[in-house]
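For reference, the structure discussed in these notes is given below.
For the single chain, residues carry numbers from 1 onward in sequence order.
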Amino acid sequence: MLPGGLVVLGIFIITTLELADDFQNALRRLIFSMEKSMSRKRLWNVTEDEVSERVTLHICSSTKKISCRTYDVQDPKSSARPADWKYQSRVSASWLSLDCTVHVNIHIPLSATSVSYTLEKNTKSGLTRWAKQIENGVYLINGQVKGNDCDLLEGQKKSRGNTQATAHSFDVRVLTQLLLNSDHRSTATVQICSGSVNLRGNVKCRAYIHSNRPKVKDAVQAVKRDILNTVADRCEILFEDLLLNEIPEKKNYELPQRVFVPLPGSTVMLCDYKFGDESAEEIRDHFSEMLDHEIQIEDLEIAEEVNTACMTSSVNSEASLTNTSEEQPEQPKKTIGVKIQQNIGVITALAVAVLAAGISFHYFSD
């Protein structure tokens, strides 16, 4: 539910004071389990200068006394360290938003030579290669290329020492490299494939950065991570939906749309995903339950249109040249059905096959 730039800092628990010590070991285990769960599907790496400490906050239900401790999640042997907890005003309202639409065109070959390399692992490998292109892309902010250490708000109007851009939205565009420079050697390899998955479409992305001296590099990093997260999330969501509901064989699949909703008392919007057969009322109720706050239907912002994924197969196997940007030649096609248990990796890949209007999906197999 968190767009780029927003992360889970920790967990809190409310008990009586005498029960506080009984929960410390459980809180420590939960902190590390939470971090492991979130890092499992990441397509990006944590940088060295990022804070690796996570917070446990205990609130006494009777005295309202607060006890705060931190753990270094990069150190499995980390012990609790006491920390100060201070309240600040206007923090939740002081965020800048960055909006971006990215075209996705990912070709994922399905290896025919490694029996142990599952379709799901093939898909993750293909997404990882694509993630490197996103990481190495050039990012234009309001049509300009700015240095990493530049102030994001440079050139914005100021009044009485404060910026007027706390509610400002920046337009971000991504340029990915098509050809390698002459100084680099190609790492392309030829591999025998039993098929391939092509993922094409447009991804609606949104990230936030705090307005207290924001740097361009931090804004770009937030956008990058939202792009990668939303693709990985849709992959997982559709896989779970098909597996749980055991949808019968069919040609077209509706893929999840991204939905934004404002966070109460803040300029930030959270996100979730909906399928075409889910009503606005269902999405509203889900947000209300998660946020413990009444959400109105008119608050929902659906970022993308409903789309379908179409699967076809080829009568022949194919050899694939990976890490290329060229379009694949069109193959003879025939419609095939998919059994959930037999083709679990392909279904996982379908999650990102169609992300916005005009997306096409092709699955080639023998």
Side-chain angles (χ1 to χ4, degrees), residues 1-15 17 19-60 65-88 91-92 94-95 98 120-121 124-125 127-128 131-132 134-135 148 205-210 212-215 217-237 239-240 263 266 268 270-272 290-292:
M1 298 183 72
L2 299 180
L6 304 180
V7 297
V8 178
L9 295 179
I11 57 178
F12 70 91
I13 187 171
I14 302 175
T15 69
L17 187 60
L19 291 178
D21 292 337
D22 297 340
F23 285 94
Q24 289 308 312
N25 287 334
L27 290 177
R28 185 187 186 282
R29 291 196 300 270
L30 186 56
I31 277 286
F32 282 90
S33 296
M34 176 189 71
E35 188 67 22
K36 182 179 179 180
S37 176
M38 291 189 297
S39 62
R40 175 178 55 85
K41 63 178 181 179
R42 283 177 183 162
L43 297 176
W44 46 269
N45 297 319
V46 177
T47 61
E48 295 181 356
D49 58 346
E50 291 185 65
V51 176
S52 60
E53 291 184 331
R54 297 295 180 263
V55 176
T56 62
L57 187 67
H58 175 260
I59 304 174
C60 178
K65 182 180 178 181
I66 291 177
S67 174
C68 183
R69 301 181 182 183
T70 64
Y71 295 88
D72 184 354
V73 292
Q74 298 299 322
D75 179 11
K77 298 181 180 180
S78 173
S79 57
R81 293 193 296 179
D84 293 330
W85 182 269
K86 296 181 180 180
Y87 291 99
Q88 293 181 330
V91 173
S92 61
S94 304
W95 293 86
L98 303 110
E120 188 172 3
K121 290 177 66 176
K124 180 64 180 294
S125 177
L127 292 179
T128 301
K132 293 180 180 179
I134 298 299
E135 289 284 0
N148 287 334
C205 305
R206 182 170 297 170
Y208 292 92
I209 186 170
H210 200 265
N212 182 25
R213 299 178 181 177
K215 296 293 184 181
K217 63 180 180 181
D218 298 322
V220 169
Q221 176 180 274
V223 172
K224 287 180 181 179
R225 292 182 176 180
D226 190 65
I227 296 171
L228 301 178
N229 286 345
T230 189
V231 170
D233 287 343
R234 293 177 213 228
C235 208
E236 184 176 40
I237 290 169
F239 160 73
E240 291 178 349
L263 182 65
S266 172
V268 169
L270 302 182
C271 76
D272 204 349
M290 293 294 293
L291 300 178
D292 193 23

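- Shown here for I31 and Y71, the closest heavy-atom pair between the two residues is CG2-CB, 4.4 Å.
- Put simply, the side chain of M34 reaches to within 4.5 Å of the side chain of I11, judged on heavy atoms.
- Other residues, nucleotides and ligands contribute at most 12 non-hydrogen atoms within 6.0 Å of the CE atom of M290.
- Around atom NZ of K65, no more than 12 heavy atoms belonging to other residues, nucleotides or ligands sit under 6.0 Å away.
- Evaluation of the salt bridge (Lys or Arg N to Asp or Glu O under 4.0 Å) rule for E50 yields R225 as partners, not counting sequence neighbours.
- Of all heavy-atom pairs spanning A131 and L43, the tightest one is CB-O, 3.6 Å.
- Remark: side-chain polar atoms of S33 are paired, donor with acceptor, to backbone N or O of R29 under 3.5 angstrom.
- Taking CG from N212 and CD from Q88, the interatomic distance works out to 9.0 Å, rounded to the nearest 0.5 Å.
- Looking at heavy atoms from C-beta onward, T56 lies out of side-chain contact with F23 at the 4.5 angstrom threshold.
- The closest side-chain heavy-atom distance from L2 to V7 is not below 4.5 Å.
- Taking every heavy atom of both residues into account, I227 and C205 meet most closely at CG1-SG, 3.5 Å.
- Between atom NZ of residue K217 and atom CD1 of residue I209 there is a gap of 10.5 Å, rounded to the nearest 0.5 Å.
- A side-chain donor from one of T15 and H58 sits under 3.5 Å from a side-chain acceptor of the other.
- The closest side-chain heavy-atom distance from N148 to K215 is not below 4.5 Å.
- No salt bridge links D72 with R54; every basic N to acidic carboxylate O contact stays at or beyond 4.0 Å.
- With values rounded to the nearest 0.5 angstrom, I237 atom CD1 is found 6.5 Å from D272 atom CG.
- Expressed to the nearest 0.5 Å, how far SG of C68 lies from CD1 of I59 amounts to 10.0 Å.
- For the atom pair T128 OG1 and R42 CZ, the distance stands at 14.0 Å (nearest 0.5 Å).
- Considering all non-hydrogen atoms of both residues, K224 and I134 come closest at CE-O, 3.9 Å.
- Annotation for V73 and F32: closest pair CA-CE2, 3.7 Å, computed over non-hydrogen atoms.
- Put simply, the side chain of Y87 reaches to within 4.5 Å of the side chain of I66, judged on heavy atoms.
- A donor and an acceptor atom, one from each side chain of T230 and R234, are located under 3.5 Å apart.
- Within 6.0 Å of the CG atom in D292, the count of heavy atoms belonging to other residues, nucleotides or ligands does not exceed 12.
- At least one side-chain heavy atom of H210 sits less than 4.5 Å from a side-chain heavy atom of S94.
- Across all their heavy atoms, Y208 and A222 have their closest contact at O-CB, 4.1 Å.
- You'll find the side chain of W44 reaches within 4.5 Å of the side chain of E135, heavy atoms only.
- Ion pairing of R28 with E35 is absent here, as no side-chain N (NZ or NE/NH1/NH2) approaches a carboxylate O to less than 4.0 Å.
- Rounding to the nearest 0.5 Å places CG of L57 at 11.0 Å from CG of L9.
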